[in-house]
Amino acid sequence: MGKEKDQEMNDNSFDPYFEKRFRLMERLKDELNLSEKVYKAMLKVPRHLFVPFNYRDDAYADTPLPIGKDQTISAPHMVAIMCELLDLEEGQKVLEVGTGRGYHAAVVAEIVGEKGKVVTVERIPELAEKAREILEALGYKNVMVVVGDGSKGFEEEAPYDRIFVTASAPDVPKPLIQQLKAGGKMVLPVGNFMQNLVVVEKDEKGEVKRRTWGAVRFVPLMGEYGF
Ligand code: SAH
């Protein structure tokens, strides 16, 4: 066992899933060439506590898992890729649309830190409530869970440095573009049967450019600017 790993094991000796999480993250780090900050955040967040109890043992396989209400928690590689594309920095204010049980929000909260803030909107009250419960139990004070139609964004806390959506929209929702700061970035899946992950960048003059990263598979975004 290497020195570095030895240290990590000591820090996480209370967590019986650490070894599994460590192995998954070592693999993703190599496969996706992960930045140190995304790697560290995902190594820290206990994904097994964000999935229903009977799926805990599967939490460190690189797959989506059911979280109830016909919704899924995204696969770890997808969370990692979206975090990298977002180019997250400490202190940023980030909007997530589609909280689920709050796993992705927790990873982003680790990266933006205590000076940053994650505002996350979920339309299904039971999921939002569960997410709040888990995030609170884990001590995340920089995440705000809101129940509502996130396809309209969340005007009250706008503008945001970064926005990401974890459900696929028919097109980039206009309110989300409006709520993005100049110099900001947004990452979201767009499409119905054929979905693509799209990166939207707003420059300092407020001009918007979009590019396509590649094909993905997400649950549909519902609501006013959804399906
Ligand atoms: N971010 C989650 C993924 C959740 S799946 C993770 O960490 O794994 C996508 C979520 O988007 C579902 O919970 C679904 O209920 C939610 N959703 C769909 N349409 C929405 C809308 N218009 N506003 C807010 N949430 C929405």
Answer yes or no for R101 and F50: cation-pi contact, defined as NZ/CZ to six-membered ring centre under 6.0 Å and angle to ring axis within 45°.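 Cation-pi check for R101 and F50: fails.
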So, taking the atom named [atom1] in [X] and the one named [atom2] in [Y], what distance separates them when rounded to the nearest 0.5 Å?
| X | Y | atom1 | atom2 | result |
| --- | --- | --- | --- | --- |
| K185 | L88 | NZ | CG | 9.5 Å |
| M78 | C83 | CE | SG | 11.5 Å |
| L49 | R56 | CG | CZ | 5.0 Å |
| K141 | E114 | NZ | CD | 8.5 Å |
| T72 | F218 | OG1 | CZ | 8.5 Å |
| Y39 | D30 | OH | CG | 9.5 Å |

Donor-acceptor pair, distance only, cut-off 3.5 Å: does the side chain of [X] make one with the backbone of [Y]?
| X | Y | result |
| --- | --- | --- |
| E122 | A128 | no |
| R21 | L43 | yes |
| E207 | K205 | no |
| D149 | E224 | yes |
| K40 | E110 | no |
| T166 | G98 | yes |
| K20 | Y60 | no |
| S168 | G191 | yes |
| K202 | I177 | yes |
| Q179 | K152 | yes |

Output, in order, the C-alpha distance, side-chain angles, deciding distance and verdict of side chain to side chain contact (heavy atoms under 4.5 Å, CB included) for E31 and H77. CA-CA 9 Å; E31 281 173 11; H77 74 269; over 6 Å; no
How far apart are the C-alpha atoms of D57 and Y17, what are their side-chain angles, what is the distance that settles it, and do they pass the side-chain hydrogen bond (donor to acceptor under 3.5 Å, both in side chains) test? CA-CA 8 Å; D57 283 344; Y17 286 91; 2.8 Å; yes
Less than 4.5 Å apart, side chain to side chain, heavy atoms only: is that true for [X] and [Y]?
| X | Y | result |
| --- | --- | --- |
| N192 | P220 | no |
| P52 | I67 | yes |
| M25 | L34 | yes |

I'd like to know whether [atom1] of [X] has more than 12 heavy-atom contacts from other residues, nucleotides or ligands below 6.0 angstrom.
| X | atom1 | answer |
| --- | --- | --- |
| E26 | CD | yes |
| E126 | CD | yes |
| E156 | CD | yes |

Electrostatic pair [X]:[Y] at N-O distance under 4.0 angstrom:
| X | Y | result |
| --- | --- | --- |
| K93 | E157 | yes |
| R162 | E89 | no |
| E133 | K130 | yes |

Determine, step by step, whether L197 and I81 satisfy the side chain to side chain contact (heavy atoms under 4.5 Å, CB included) criterion, reporting the C-alpha distance in whole Å, the side-chain angles of both residues, the deciding distance to 0.1 Å, and the verdict. CA-CA 10 Å; L197 199 61; I81 287 166; 4.3 Å; yes
Between [X] and [Y], is there a shared hydrophobic cluster once you connect ILVMFWY residues whose side-chain heavy atoms come closer than 4.5 Å?
| X | Y | answer |
| --- | --- | --- |
| M82 | V118 | yes |
| V190 | W213 | no |
| V198 | V94 | no |
| V107 | V145 | yes |
| F154 | V97 | yes |

Considering non-hydrogen atoms only, spot the tightest contact between [X] and [Y] and give its length.
| X | Y | value |
| --- | --- | --- |
| A109 | N142 | O-ND2, 3.2 Å |
| A167 | P189 | O-CG, 3.5 Å |
| L65 | A59 | CD1-CA, 4.0 Å |
| G183 | E204 | CA-OE2, 3.8 Å |
| A169 | F227 | C-CE1, 3.8 Å |
| N196 | A215 | OD1-N, 3.3 Å |

For [X], enumerate each residue passing the side-chain hydrogen bond (donor to acceptor under 3.5 Å, both in side chains) test, keeping only those at least two apart in sequence or located in another chain.
| X | result |
| --- | --- |
| R132 | E129 |
| K181 | D161 |
| T63 | none |

For a side chain to side chain contact (heavy atoms under 4.5 Å, CB included) check, start with the C-alpha distance between T99 and L127, then their side-chain angles and the critical distance, and finish with the verdict. CA-CA 8 Å; T99 313; L127 289 177; over 6 Å; no
For F164, the option from L176, L188, V108 that meets side-chain contact (heavy atoms from CB on, under 4.5 Å):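 Checked L176, L188, V108 against F164; only one passes side-chain contact (heavy atoms from CB on, under 4.5 Å): V108.
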Starting from the C-alpha separation in whole Å, work towards a yes-or-no answer on side chain to side chain contact (heavy atoms under 4.5 Å, CB included) for N33 and E84. CA-CA 10 Å; N33 196 17; E84 294 291 0; over 6 Å; no
Indicate whether any N or O donor in one side chain lies under 3.5 Å from an N or O acceptor in the other, for Q92 and Y160.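 Judged by distance alone, the side chains do not pair up.
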Y103 and R47: side chain donor to acceptor below 3.5 Å: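 No, because no side-chain N or O of Y103 sits under 3.5 Å from a partner of the opposite role on R47.
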